[in-house]
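Written below as structure tokens is the structure these notes are about.
Hydrogens, waters and symmetry mates are skipped; everything else that's a heavy atom, side chains included, is used. All chains are named by letter (A, B, ...) in the order of the sequence lines, taking the proteins before the strands, and each is independently numbered beginning at 1.
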Number of protein chains: 2
Amino acid sequence: MTEGQKRGPTSADKVLGVLSLFTAENPVWSPERTARRQRVSLATSYRYFNTLVASGMLEKLNRNQYVLGPAIVELDRKVRAADPVLKLAQPVMERLLRRLREPAAILLCRYYRQKVMCIHQETNRSGEPVSSYERGALRPMFRGATSKVILAHLPPRTIVNLWRDHRRDIVANGMGPGFEDFKANLRTLRREPVNVSSSEVDEGRTGIAAPIFDASGRVNGSLSIVLLSSPASTRVVERLSIAVQAAAREIERSRGNAAGQD
Amino acid sequence: MTEGQKRGPTSADKVLGVLSLFTAENPVWSPERTARRQRVSLATSYRYFNTLVASGMLEKLNRNQYVLGPAIVELDRKVRAADPVLKLAQPVMERLLRRLREPAAILLCRYYRQKVMCIHQETNRSGEPVSSYERGALRPMFRGATSKVILAHLPPRTIVNLWRDHRRDIVANGMGPGFEDFKANLRTLRREPVNVSSSEVDEGRTGIAAPIFDASGRVNGSLSIVLLSSPASTRVVERLSIAVQAAAREIERSRGNAAGQD
DNA sequence: ACGAAATTCTCACATAGTGAGAATTAGGTG
DNA sequence: CACCTAATTCTCACTATGTGAGAATTTCGT
């Protein structure tokens with residue numbers, strides 16, 4: 001475990017790194033600003049932009065303005081088409097949703113880079129925002145039913161890494177103060193077939209989540225019901241808990257696979 | 001116009017090139033197969049895969065199996081969030097759809113790489129496939145209302161390039177046989193505020209499409225209604241034509257922008 | 001058509017990407 | 001649980017190629 005030689009980022013790393021500068025708040029970048037940010041020359045920055053534009057990952061909007069490009073849209077379609085879990089889950093999610101009377105959303109989520117990402121959302125509230133937790137959106141790992149139910153079943157390696165990197169956050173969410181406490185909390189979570197959490201992510205929302213496992217028993221993600229209105233009666237929660245569980249089982253039954261490292 | 005020196009693909013080009021190997025039919029690739037395909041050594045191919053996995057663009061599924069990764073999902077969300085046309089169009093599309101009684105889909109499309117790409121689809125047929133023309137899907141440039149209405153308004157440069165690269169296809173779709181004929185056909189298309197085409201893409205479907213222009217008068221894309229059932233009465237088509245036009249205008253009114261080169 | 005800013009080009013240099021093969025790791029199997 | 005094979009990483013020498021500085025050129029708004 002003695003530090004291996006640190007290898008500098010490769011050229012392609014830096015090119016791909018450009019993409020991660022683009023965010024919802026900052027969707028437009030210029031080669032100049034990027035050059036400064038990445039500590040490369042302006043010429044090099046232009047070279048990066050050109051290869052990214054050539055591949056369609058970026059698109060030139062105007063003179064000095066580049067945005068994320070259409071190749072990404074095309075690629076995401078392929079991701080959807082190739083995702084076996086999504087393919088199996090979607091009809092199950094639709095059916096589950098159709099049984100609900102209250103305004104709600106059904107979420108399919110997965111672990112990604114120490115966070116949880118939404119893969120698919122079905123909602124019965126057409127038009128307006130039920131949950132901003134839509135495909136591609138990330139949520140914290142330690143709050144909300146959707147996340148916690150995944151967290152609880154992550155492999156030990158990953159748990160250790162999470163503790164190493166997010167100790168403060170874990171403690172702040174009442175899963176501390178020590179590593180042993182954290183593990184004990186996860187053990188407790190694992191005992192319950194579903195997790196129910198209220199107002200942990202969005203005020204007033206209640207999440208009811210069940211884990212989805214792959215053929216070899218690893219957590220593949222989670223399926224959850226998000227209720228718009230604050231906690232209904234206990235009986236309703238119980239009914240819905242059984243429903244998500246059943247749906248998760250149904251998805252598992254047709255055994256797909258997907259990955260998830262840290 | 002004497003050939004400039006051909007510059008070989010840069011390293012990053014080749015790394016990004018790996019992504020384009022992944023398709024719906026062939027969603028899983030190994031470093032080995034990729035190495036042969038790209039004419040690089042196995043070691044280099046592994047290096048490519050590693051940088052792509054590190055960035056999340058690829059994901060290791062199993063031993064020798066890599067698939068497109070979650071970073072793409074995350075990026076597409078940012079693309080959606082940053083797309084001003086989409087943001088404006090979506091509510092308009094929903095409203096338009098709500099007025100239709102017949103099973104239908106509303107499509108928002110754009111030009112991309114000598115093809116037309118779907119940006120968003122709204123449908124009133126929940127569950128089952130109304131149109132496989134969903135976000136990220138590509139369609140031929142010379143068939144279907146959705147495409148033709150964009151084609152008609154592309155800038156001259158692009159038209160020339162299309163003729164150069166797809167003469168055969170253009171002629172096969174009855175827009176030939178010469179370049180002058182092609183241009184004449186486009187002129188005719190431009191005269192009509194909407195285009196109506198039946199069974200050109202999918203058997204039995206009818207598309208009614210209107211172009212969307214940006215602030216400086218360039219085609220930004222198209223808005224179209226796709227009817228599931230074969231051609232209704234002329235009166236219905238006329239009513240819908242007026243509706244798409246109105247919707248397209250409405251989108252334009254709140255002036256967004258987007259790009260589109262060849 | 002003009003002028004300023006954006007973008008590409010040139011070129012010499014050294015970094016860093018490359019291939020061949022050895023070394024190591026990982027996963028399935030008996 | 002240890003083996004065996006295939007997958008993956010590592011080493012290293014070499015040279016291709018990515019890089020920065022600045023000049024040349026193009027682009028676009030006015």
Looking at side-chain heavy atoms only, is the closest gap between D76(B) and R135(B) below 4.5 Å? yes
Report the distance from atom OH of Y46(B) to atom C1' of dT18(C), rounded to the nearest whole Å. 17 Å
Find which nucleotide of DNA chain C each of S30(A) and A12(A) is nearest to by heavy atoms, and output the residue with the more 5' nucleotide. S30(A)
Could you list the protein-to-nucleotides 24-30 of chain D atom pairs, N/O on both sides, closer than 3.5 Å?
unit_1  : atom_1 : unit_2 : atom_2 : d
dT27(D) : O2     : R63(A) : NH2    : 2.3

How close or far is atom C1' of dA6(D) from atom CD of Q65(B), stated in whole angstroms? 13 Å
Close N or O pairs between protein and nucleotides 20-23 of chain D (under 3.5 Å):
unit_1  : atom_1 : unit_2 : atom_2 : d
dG20(D) : OP1    : S41(A) : N      : 3.4
dG20(D) : OP2    : S41(A) : N      : 3.0
dG20(D) : OP2    : S41(A) : OG     : 2.7
dG20(D) : OP2    : T44(A) : OG1    : 2.2
dG20(D) : N7     : R47(A) : NH2    : 3.0

In this structure, how many angstroms lie between the P atom of dT15(C) and the NZ atom of K14(A), rounded? 12 Å
Measure from the ring center of F179(B) to the ring center of W163(B) and say whether it is less than 6.0 Å. yes
Within a strict 4.5 Å, meaning less than it, do heavy atoms of the L107(B) and H120(B) side chains meet? no
Value for OG1 (T51(A)) from CE (M57(A)), rounded to nearest 0.5 Å, stands at 10.0 Å
Describe the nucleic acid contact of T10(B) in one word from base, sugar-phosphate, nothing, applying a heavy-atom distance below 4.0 Å. sugar-phosphate
Got a sec, which residues hit ring pair (Phe, Tyr, Trp, His ring centres under 6.0 Å) with H153(B), two or more places apart in sequence or on another chain? F213(B)
Is R37(B) atom CZ crowded by more than 12 heavy atoms from other residues, nucleotides or ligands, each under 6.0 Å away? no
For F22(B) and L58(B), run side-chain contact (heavy atoms from CB on, under 4.5 Å): C-alpha distance rounded to whole Å, both residues' side-chain angles, the deciding distance at 0.1 Å, then the answer. CA-CA 10 Å; F22(B) 291 76; L58(B) 288 186; 3.6 Å; yes
From the list dA7(D), dT8(C), dG17(C), which nucleotide is the closest neighbour of the side chain of N50(A)? dT8(C)
Distance check needed: dG17(C) C1' versus F49(B) CZ, whole Å only. 18 Å
Find the distance between CG (L86(B)) and CZ (R80(B)) and round it off to the nearest 0.5 Å. 8.5 Å
Classify Y48(A) by what it touches in the nucleic acid, base, sugar-phosphate, or nothing, heavy-atom distance under 4.0 Å. sugar-phosphate
Separation between CG of N161(B) and CZ of R164(B), rounded to the nearest 0.5 Å: 4.0 Å
